[in-house]
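Please read the structure below before turning to the comments.
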Amino acid sequence: MTEQIGNVILDLTDYGGEDLYCDGEVEDALLAIARDHGKEEFPRIIEEQKSWPVLYHLSRFRENIISWLPVTKNMRVLEIGAGCGAVTGALADRAGHVTCVDLSKKRSMINAYRHRECANVTIRVGNFKDIEPGLDTDYDLVLLIGVFEYGQGYIDTETPYEDFLKIIRRHCAADGRIVIAIENQYGLKYFAGCKEDHVGDYFTGLEDYPAGGGVRTFGRDGLIRLMEKCGVTDYHFYYPYPDYKFMTTLYSDGYLPRVGELTNNMRNFDRERMALFDEKNVFDGLIREGRFAEFANSFLIVIGEKPAQDYVKYSNDRAPQYAIRTQICGKGEKRYVEKQPDMPKAYAHIENLLLSYEKLCRKYEGSSLLINTCKPAEHGVQFDYVEGGTLEEALDDCLHRGDEEGFLALLSRYEKIAAYHDEEPVSDHDLIFANILIGGEKHAGQEAGQRGWKEKLTAPWTLIDYEWTFPETESGAKLTKRAMFIYVSGPEIRRRWLFEHGIAQRYGITPENLVRLQGEETAFQQHVTGGLSSMAQLYDKMGQPVTPVRNLVLADQALDPLRKFQVYVDMGEGFSEERSFFVPHVYEDRSRLSLRISFDHKVRALRLDPALVPCMLYGMSICINGRCIYEQKPGSSGADTGSGCEIAMNGIQAAGGAEVFITNDPNVTVTICSMELKEENELTMEAGIVFLTEESAKSLYPEMPAPEGQQDTVKRRGFWRR
């Protein structure tokens with residue numbers, strides 16, 4: 001049985017009539033968008049909706065993970081777990097025919113509607129186990145993008161992942177390729193405080209999924225062992241960054257990231273996260289130690305012949321006429337760099353690089369700057385692959401060693417280059433430090449001391465990227481100022497060092513005008529993106545909260561001197577500091593208090609101050625001489641009215657009965673009314689306690705003013721209770 005949506009065929013032969021996997025109402029919304037709107041409208045809808053599911057399922061940036069693969073019109077492709085069609089369109093544009101397999105009819109309908117103009121797509125709906133026996137055995141390309149981790153849901157055996165891979169191999173032609181995209185079980189983001197992508201808990205994958213379940217990911221060695229058990233020996237690892245879902249850069253064992261490159265680590269669109277450390281700095285250390293491949297956030301594995309590309313960088317979160325990708329191919333002396341249009345409208349932008357090359361060569365002839373050779377290629381333009389480290393890396397090296405002399409010497413050479421023939425009507429607006437390569441450097445920081453930077457001064461400098469060259473004059477001072485601003489806008493240590501040494505200020509970059517400079521840069525970026533938001537801007541609008549654990553620890557430490565339990569005694573003359581004392585050893589740990597004090601029969605009231613900062617008490621009970629006079633209960637004062645005592649607090653009763661004190665003077669007052677006392681009496685108090693900063697307390701109850709009169713303020717607003 002089949003249905004047809006546009007040109008797309010839905011094969012329902014193996015569909016059981018019920019979607020066993022569904023995300024509920026969000027899929028209805030996605031179906032309506034795909035049915036009622038064209039793909040060209042999706043970017044606008046994504047910005048308006050500000051919804052993670054809409055972004056995740058409908059963004060064209062999802063295609064980055066596979067659109068670099070060598071797919072041609074004579075190829076037949078099998079896409080397992082196609083879902084809502086995040087990559088189906090990119091395959092259909094290039095392949096002869098695409099066969100999709102998915103469990104959900106609704107998701108398959110979303111896929112079909114968004115690609116209804118494609119006459120080369122068939123979607124088979126149903127359980128993979130039922131569909132698999134009828135699939136062909138000679139596909140040129142088999143893809144599992146975010147699917148392999150669900151293998152035990154597809155295959156009900158004792159070794160589901162090995163068996164899944166063996167089954168997949170049966171449907172791949174002898175000279176074909178299998179491509180698997182999957183999260184790294186030991187990705188650095190999980191150590192740094194991201195929740196596991198599938199289970200949604202902290203550290204679940206790192207702990208090897210102790211609760212079990214129907215999904216699991218693997219580390220690099222685990223995947224290698226799994227493939228070798230299945231007889232797979234021809235495999236190639238790629239490392240999508242930040243991860244495979246919204247990849248901007250693809251590294252490989254043939255081209256690994258350099259120190260300083262991995263800076264876009266906050267991309268938690270789907271759920272909140274902690275930030276246990278600065279991932280950029282840890283990545284830098286792992287790169288220096290040669291351990292990056294073990295801690296990359298995601299893997300892309302190609303089984304079969306290795307593609308030509310070792311490196312791919314997408315610059316396609318832009319207006320269509322500027323959307324391109326850069327890739328490094330070949331080996332040794334035959335290695336080269338290629339830039340290609342990522343969208344048809346960008347062909348003119350790519351071709352303009354040839355003209356820019358000629359003009360810049362004429363402008364900088366006789367200077368100390370070389371312009372990287374640019375020539376036509378089959379699908380774009382080709383550049384020489386130049387060995388070396390960037391000027392940005394060289395400056396960073398000086399900065400980390402505190403070498404101001406070297407830093408200024410390198411900067412001085414750059415200034416002379418920027419000002420060279422700046423009266424000529426051609427200017428590379430993006431003449432930034434990262435686009436200048438210093439020849440002969442294999443790795444940033446390889447050399448040390450003055451000899452290092454002096455050698456860099458005499459080494460050849462090559463401009464490797466001049467994409468934003470315009471037929472206009474631009475002063476060297478203006479180019480230098482922008483380059484410095486871009487540099488200062490990087491890691492925090494740069495900004496601090498450059499301001500402390502007065503270097504940034506020399507170029508007109510002061511704390512006071514950073515906002516204006518950022519506005520100028522934003523205007524340029526708006527031109528590049530055509531007014532749409534880049535992925536970084538989308539994250540600013542849609543990203544989930546990040547809790548910096550270091551700040552919490554520092555705040556926690558700052559509270560230490562204020563974790564004191566003070567007791568005030570009223571003998572009929574009211575409370576006073578003179579009749580108060582601090583009780584030691586009240587806190588069993590940082591989360592629980594246990595108070596035990598003795599008092600005389602002449603006492604009329606006791607005021608119990610659990611801390612000198614805002615706090616929350618939960619599960620609280622107060623007893624006198626073994627009799628419970630107060631027990632914290634939801635929706636109740638908790639006081640025993642027959643005890644002969646009254647209880648008053650200057651807190652707010654929260655859900656579950658917990659008492660939240662937003663004041664720096666939290667207190668619980670026990671007034672003795674008619675209770676019979678002994679000569680010596682004992683009061684005990686037990687409670688769980690959470691110490692709060694003033695900021696966190698105010699965030700819980702923002703409607704409350706900062707209490708100056710403490711009890712009076714709270715009482716006026718109706719929270720004073722007896």
* Structure fact -> All heavy atoms of E338 vs all of A377, minimum pair found to be OE2-CB, 3.6 Å
* Asked: Do H236 and S252 have a side chain donor and acceptor closer than 3.5 Å?
  -> no
* Structure fact -> Heavy-atom closest pair (N7 atom, E117 atom, distance to 0.1 Å) is ND2-O, 3.1 Å
* **Mutual orientation of the aromatic rings belonging to F524 and F470 [parallel < 30°, tilted 30-60°, perpendicular > 60°]** => perpendicular
* Structure fact -> Closest non-hydrogen contact found for S427 with L479 is OG-CD2, 3.9 Å
* Specify whether F299 and F237 have parallel, tilted or perpendicular ring planes, treating 30° as the upper limit for parallel and 60° as the lower limit for perpendicular. => perpendicular
* Between A434 and T390, what is the shortest heavy-atom contact and its length? -> O-CG2, 3.5 Å
* To do: Evaluate the criterion salt bridge (charged side-chain N to carboxylate O under 4.0 Å, His left out) for residue pair D310 and K331; output intermediate values, then yes/no.
  => CA-CA 9 Å; D310 277 335; K331 293 182 179 180; over 6 Å; no
* Without hydrogens or angle criteria, can the side chains of Y241 and N264 be said to hold a donor-acceptor pair below 3.5 Å? -> no
* To do: Assess the pair Y139 and H171: is the distance between their ring centroids shorter than 6.0 Å?
  => no
* Asked: Are the aromatic rings of W461 and Y364 close, with centres under 6.0 Å apart?
  -> no
* Exercise: do Y487 and D396 side chains pair donor with acceptor under 3.5 Å -> yes
* To do: Give a yes or no on whether a salt bridge exists between D428 and K363, defined as a side-chain N under 4.0 angstrom from a carboxylate O.
  => no
* Which of these passes ring-ring contact (aromatic ring centres under 6.0 Å, His included) with Y311: Y251, Y239, Y385? -> Y251
* To do: Would you name the heavy atoms of M266 and A275 that are closest together and state the gap between them?
  => CE-CB, 3.9 Å
* Compare every heavy atom of P242 with every heavy atom of R267, then report the nearest pair and how far apart it is. => CG-CG, 4.3 Å
* To do: Could you walk me through whether Y56 and F269 pass the ring pair (Phe, Tyr, Trp, His ring centres under 6.0 Å) test, one step at a time?
  => CA-CA 9 Å; Y56 178 73; F269 285 96; over 10 Å; no
* Asked: Considering the options R273, K189, R216, which one meets the salt bridge (Lys or Arg N to Asp or Glu O under 4.0 Å) requirement together with D197?
  -> K189
* **Parallel, tilted or perpendicular: rings of Y322 and H527 (30°, 60°)** => tilted
